[in-house]
Amino acid sequence: MGAELRQPLLRDRATDAARLSVRVANAGRQGATASLRRAVTETVAAVERAYWTLVASRLQVQVREEAVRLAEEQLNETQARVDTGDAPKTEIAQPRAELERRRGELLASDEALARAENALKLLILDGASDPLWNQRVARARTRLCKWCPWTSRPR
């Protein structure tokens, strides 16, 4: 006499079509969520880069404007020395050339500022047809850090 014991370990272990479609749908949803998060993160990062490029461009324009002002001051001082006879007339050529060079740098900085502002607008607006396109992008009004001169103190 013998006893035989059978335990069907693999019976009903196969995934039926309904369970498989639920798993596939969940995997698709998780993939779409991950893609959306990645797209949002990339967009936010691009907007932040564009904003800080705009801030840097504005600071660059301020520096170039000050450089032009200083070159004009130097030219006026040199012209005064030439007029009083303390310096020869040829002395005026170098400050004039320097002033024109700095004016050229200011124009290049103005162009870089316009490009930076347009790049940011392209990221946050619907395009050039948007009513806000012709408005200047306002700088942040909160102090992001204690040493940032381009932002004001929080109130």
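Atom CG of L106 sits about 8.5 Å away from atom CZ of R64, to the nearest 0.5 Å. With rounding to the nearest 0.5 angstrom, the CG atom of L113 is 10.0 Å from the CD atom of Q62. Atom CZ of R81 sits about 12.5 Å away from atom CG of N76, to the nearest 0.5 Å. For the atom pair CZ (R136) and CG (N134), the distance works out to 13.0 Å, reported to the nearest 0.5 Å. With rounding to the nearest 0.5 angstrom, the CG atom of D110 is 10.5 Å from the CD atom of Q60. R103 CZ to E65 CD: the interatomic distance, rounded to the nearest 0.5 Å, is 13.0 Å.
In the hydrophobic cluster analysis, where Ile, Leu, Val, Met, Phe, Trp and Tyr join through side-chain heavy atoms closer than 4.5 angstrom, L54 is grouped together with V47. V61 is connected to W52 through a chain of hydrophobic side-chain contacts under 4.5 Å among Ile, Leu, Val, Met, Phe, Trp and Tyr, so both are in one cluster.
Under the rule for a side chain to side chain contact (heavy atoms under 4.5 Å, CB included), P131 has no partner lying at least two apart in sequence or in another chain. Remark: Q74 engages T78 in a side-chain hydrogen bond (donor to acceptor under 3.5 Å, both in side chains) (not counting sequence neighbours). Applying the side-chain hydrogen bond (donor to acceptor under 3.5 Å, both in side chains) rule to Q79 yields the partners D83; only residues at least two apart in sequence or on another chain are considered. Residues satisfying the side chain to side chain contact (heavy atoms under 4.5 Å, CB included) test with A71, not counting sequence neighbours, are L99, R102.
Of the charged side-chain nitrogens involved, none lies within less than 4.0 Å of a carboxylate oxygen, so that R69 and E72 do not count as a salt-bridged pair. Contact check on E100 versus R96 returns no salt bridge, with no Lys/Arg side-chain nitrogen under 4.0 Å from an Asp/Glu carboxylate oxygen.
Residue pairs that meet the side-chain hydrogen bond (donor to acceptor under 3.5 Å, both in side chains) test with at least one member in residues 24-33, sequence neighbours left out, do not exist here.
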List the atom pairs, donor and acceptor, that lie under 3.5 Å between side-chain atoms in residues 116-127 and the rest of the protein, sequence neighbours left out.
| from | atom 1 | to | atom 2 | distance (Å) |
| --- | --- | --- | --- | --- |
| E117 | OE2 | K121 | NZ | 3.3 |
| E117 | OE2 | V137 | N | 3.4 |
| N118 | ND2 | A114 | O | 3.4 |
| K121 | NZ | W133 | O | 2.5 |
| K121 | NZ | Q135 | O | 2.7 |

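The 12-atom threshold is exceeded at CZ of R101, counting heavy atoms of other residues, nucleotides or ligands nearer than 6.0 Å.
Side-chain contact between V44 and E48 is present, with heavy atoms from C-beta onward closer than 4.5 Å.
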